[in-house]
Amino acid sequence: MSTQWLFVKEKLRSFVVENFLFGQEDGLLGDDDSFIDRGMIDSTGVLELVQFLEETFRVEVTDEEMVPENLDSIFNLTRFVCGKPTEPGMSQ
Amino acid sequence: MLTGEGADEILGGYDIFKETKIRRFWAAHPDSKMRPHLLRRIYEYLPNLHEQSDAYLKASFNISAASVDSAFFSHLPRWSMTSRLKQFFSDDVREATRNHRDFEAITERLPSSFPNWHWFAKAQYLEFAYLLPGYILSSQGDRVAMAHGVETRSPFLDYRVVEFASRLPVSLKMKVLQEKYLLKRSASGLVPRSILNRKKQPYGAPGGCIFFTNAGRSWSDDLLSETALRKAGIFNPERVRRLVSKCREGHVAGAGDSMALTGILSTQLLAQHCSSNFGRRL
């Protein structure tokens, strides 16, 4: 597992816990847990996620990419972000 | 003053009836690419919804065969969104309500023949029994009107009108996706055509963020302070603090967050006015 993978995953996890669980993780959110199935996310939540990805990792998310396979768990998000070409100056 | 309260419930005016019809239609062919567009069409006024892929729409509108069988199919999307508010409860409240099953509690109160009703009648009943009395008639209607010395009368709630409407076939209430079909037909010639053909547009309260304008903050800060939250004992101060800062920073604040914030503020206001020990007496 690369350093980049772990870095991205931790950033994503802290955003998700802060924004959708309001800090209350209880150690129960697994990397593969679906945000939809856990009732954590609504239609605006998806947009919040996309905004976060674009601002934090400087990746571009197209309409076609806004699907659960890319966005609906910590694992899916990490895989999606790490598979994207990033623009120069990605925030650290 | 005469008001139209009850007409949407008994004669089929609400978007939730259209929504339910479309969700059933979509659930019959869940892989259809065209059917989800009908939802986008009835919710033209909800921009966030238009940016959703079909997969997310399907999840947030509970499009599945299992959901269609639920007695509460019509209200599942709204109720599941609202139930996310429970995450803000304090540990004490969560513990006290751990064994409470909302859906079972309502199921027990439904009329015994409910499972055999037409889906439209089920949706009407849920609106009529659970939203109309406390929310529409009281919070939004009578209390606001009487606070300004206005006494209202609701002719659509005359029991004879309600009984008549209950005997009408569903096709006369909503025809395809035309709301209040019979009422509009009967008013033709009495009411200008522009009004009859006008698309129904719900009015909504501004989002929760208005509480953080300069004017709003002076009292919202107080009600949402850690001291006030601990005193009432209903909500978890740490989680509320995160919600508040999310709204303050003005990140995309969705309906769920707005609803949570408004619910917390209203409850805190009630707690403050009613008792210093409100939470523990619930």
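Note on naming: letters A, B, ... go to the chains in the order of the sequence lines (proteins, then strands), and numbering restarts at 1 for each one.
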TODO: Return the minimal non-hydrogen interatomic distance between A:Glu48 and B:Asp257, and the atom names on each side.
DONE: OE2-OD2, 3.9 Å
Task: Residue B:Lys33 excluded, over 12 heavy atoms near NZ under 6.0 Å - done: no
TODO: Measure distances from B:Leu49 to the heavy atoms of chain A and classify the residue's part below 4.5 Å as side chain, backbone, both or neither.
DONE: neither
Open item on the list: Does atom NE2 (B:His29) have a neighbourhood of more than 12 heavy atoms from anything else shown, all under 6.0 Å?
Closed with: no
Open item on the list: Looking at every non-hydrogen atom in both residues, tell me the closest pair between B:Lys246 and A:Phe22 and how far apart they are.
Closed with: CD-CE2, 4.1 Å
Task: Backbone of A:Asn19 reached by a side-chain donor or acceptor of B:Arg242 within 3.5 Å - done: no
Task: Beyond-backbone contact of B:Met259 with A:Asp42, side-chain heavy atoms, under 4.5 angstrom - done: no
- [ ] Pick one of side chain, backbone, both or neither for A:Asp37, based on which atoms fall under 4.5 Å of a heavy atom in chain B.
- [x] neither
Task: Crowding at OH, B:Tyr130 (>12 non-hydrogen neighbours, <6.0 Å) - done: yes
Task: Side-chain touch A:Leu47/B:Gln52, heavy atoms, less than 4.5 angstrom - done: yes
Task: CZ (B:Phe25) with more than 12 external heavy atoms under 6.0 Å - done: no
Task: Donor-acceptor pair, side chain of B:Ser53 and main chain of A:Met66, under 3.5 angstrom - done: yes
Task: Considering all heavy atoms, the nearest A:Val67-B:Tyr56 contact - done: C-CE1, 3.7 Å
TODO: Just do the side-chain contact (heavy atoms from CB on, under 4.5 Å) check on B:Asn236 and A:Gln24 with the steps written out, would you?
DONE: CA-CA 10 Å; B:Asn236 177 306; A:Gln24 174 227 7; over 6 Å; no
